[in-house]
Amino acid sequence: MTDAGEFERVAQIDELPDRGFVRVAVGEHSVLVAKLDDGVYATENQCSHANSALEDGRFRLGRISCPLHGLIFDFRTGQVMGGSLTLVGLRTFDTRVDDGQVYVRREPNEPRVGIMKR
């Protein structure tokens with residue numbers, strides 16, 4: 001079990017849009033937080049390929065695309081979706097919801113390498 005001190009409160013659950021995300025700061029990290037059908041997820045706000053901010057990318061069906069070159073990532077896992085190159089995915093962050101408050105773990109998970117099939 002993770003110590004409560006490792007998590008940072010970032011929002012109330014009702015502040016998260018149904019079809020989008022919010023950008024928050026978690027420690028030194030810029031993080032995107034989204035409420036999807038199966039839970040709340042958080043991912044790094046930086047493309048692992050081009051180092052550009054993802055917050056201006058297209059977000060749809062639990063996927064986010066890089067606005068610079070269109071690479072698509074699974075928001076839940078950070079994995080690259082499709083393509084023919086083996087790329088490093090996004091770093092994701094553990095989340096939890098407690099009494100209507102959304103918390104994000106301060107340290108990211110290691111990114112996944114490889115391509116996730118659509």
Side-chain angles (χ1 to χ4, degrees):
M1 178 168 232
T2 306
D3 178 47
E6 294 179 8
F7 283 80
E8 189 171 316
R9 183 196 168 289
V10 296
Q12 290 181 257
I13 191 72
D14 58 2
E15 293 175 335
L16 300 180
D18 290 329
R19 294 190 177 159
F21 54 81
V22 295
R23 182 179 53 85
V24 299
V26 178
E28 62 187 45
H29 305 284
S30 178
V31 177
L32 304 178
V33 180
K35 177 175 56 176
L36 302 175
D37 291 341
D38 59 344
V40 174
Y41 295 88
T43 190
E44 183 174 38
N45 182 23
Q46 183 176 355
C47 177
S48 60
H49 175 247
N51 294 326
S52 62
L54 293 173
E55 63 191 88
D56 294 325
R58 184 174 179 192
F59 180 76
R60 187 168 176 259
L61 301 174
R63 298 174 181 157
I64 190 164
S65 64
C66 177
L68 187 61
H69 56 69
L71 191 62
I72 299 171
F73 299 92
D74 182 282
F75 201 89
R76 292 170 178 89
T77 67
Q79 280 188 282
V80 177
M81 303 289 296
S84 60
L85 301 173
T86 301
L87 298 171
V88 175
L90 304 175
R91 295 189 301 178
T92 59
F93 294 77
D94 295 334
T95 63
R96 72 171 203 225
V97 179
D98 186 21
D99 198 27
Q101 304 298 311
V102 178
Y103 296 86
V104 174
R105 188 168 186 217
R106 289 187 181 107
E107 292 302 316
N109 299 311
E110 288 299 315
R112 296 183 185 191
V113 178
I115 298 169
M116 182 175 179
K117 300 298 180 196
R118 294 180 190 212

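Cluster annotation: Ile13 is not connected to Tyr103 through the hydrophobic network of ILVMFWY side chains, with a link wherever side-chain heavy atoms come within less than 4.5 Å. In terms of hydrophobic clustering, with Ile, Leu, Val, Met, Phe, Trp and Tyr side chains grouped at heavy-atom distances under 4.5 Å, Leu90 and Val31 are assigned to different clusters. Under the 4.5 Å side-chain heavy-atom criterion for grouping Ile, Leu, Val, Met, Phe, Trp and Tyr, Val10 is connected to Val97 within one hydrophobic cluster. The hydrophobic cluster containing Leu16 does not contain Leu36, counting ILVMFWY residues as joined when their side-chain heavy atoms lie under 4.5 angstrom apart, directly or transitively.
In this structure, Gly78 and Phe73 approach most closely via the heavy-atom pair O-CD2, 3.6 Å. When every heavy atom of Thr95 is checked against every heavy atom of Ala42, the shortest pair comes out as CG2-CB, 3.7 Å. Scanning both residues, Cys66 and Leu54, for their nearest heavy atoms gives CA-CD2, 3.6 Å. Among all heavy-atom pairs drawn from Ala34 and Gly20, the shortest one is CB-O, 3.6 Å. When all heavy atoms are compared, the tightest approach of Arg105 to Phe93 is O-CD2, 3.2 Å. A pairwise comparison of heavy atoms in Gln46 and Asn51 identifies NE2-OD1, 3.1 Å as the closest pair.
Atom CG of Asp37 has 12 or fewer heavy atoms from other residues, nucleotides or ligands within 6.0 Å. A 6.0 Å sphere centred on CZ of Arg9 holds more than 12 heavy atoms belonging to other residues, nucleotides or ligands.
A distance of 11.5 Å separates CG in Leu87 from CD in Gln79, rounded to the nearest 0.5 Å. Atom CG of Asp14 is separated from atom CD of Gln101 by 8.5 Å, given to the nearest 0.5 angstrom. With rounding to the nearest 0.5 angstrom, the CZ atom of Arg23 is 8.5 Å from the CG atom of Leu32.
Side-chain N or O atoms of His69 include one that pairs as donor or acceptor with a backbone N or O of Leu71 at under 3.5 Å. Counting only distance, with no hydrogens or angles, the side chain of Thr43 and the backbone of Arg91 share a donor-acceptor pair below 3.5 Å. The backbone N or O of Asn45 sits nowhere less than 3.5 Å from a side-chain atom of Ser30 that would complete a donor-acceptor pair. Looking only at distances, no side-chain donor or acceptor of Ser52 sits under 3.5 Å from a matching main-chain atom of Leu68. With Ser48 contributing its side chain and Val88 its backbone, the two residues share a donor-acceptor pair below 3.5 Å.
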Margin query: Evaluate His29 against Val104 for side chain to side chain contact (heavy atoms under 4.5 Å, CB included), listing each step before the verdict.
Written below: CA-CA 11 Å; His29 305 284; Val104 174; over 6 Å; no
Notebook entry, point to check: Taking it one step at a time, do Arg112 and Thr77 satisfy side chain to side chain contact (heavy atoms under 4.5 Å, CB included)?
Noted result: CA-CA 8 Å; Arg112 296 183 185 191; Thr77 67; 3.9 Å; yes
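Between Thr92 and Tyr41 the shortest side-chain heavy-atom distance does not fall below 4.5 Å. By the 4.5 Å heavy-atom criterion applied to side chains, Val24 and Val102 are not counted as neighbours. Proximity of Arg76 to Asp38: side-chain heavy atoms (C-beta onward) are separated by under 4.5 Å at one or more points.
The aromatic rings of Phe21 and Phe75 sit parallel, their planes meeting at an angle under 30°, below the 60° perpendicular limit.
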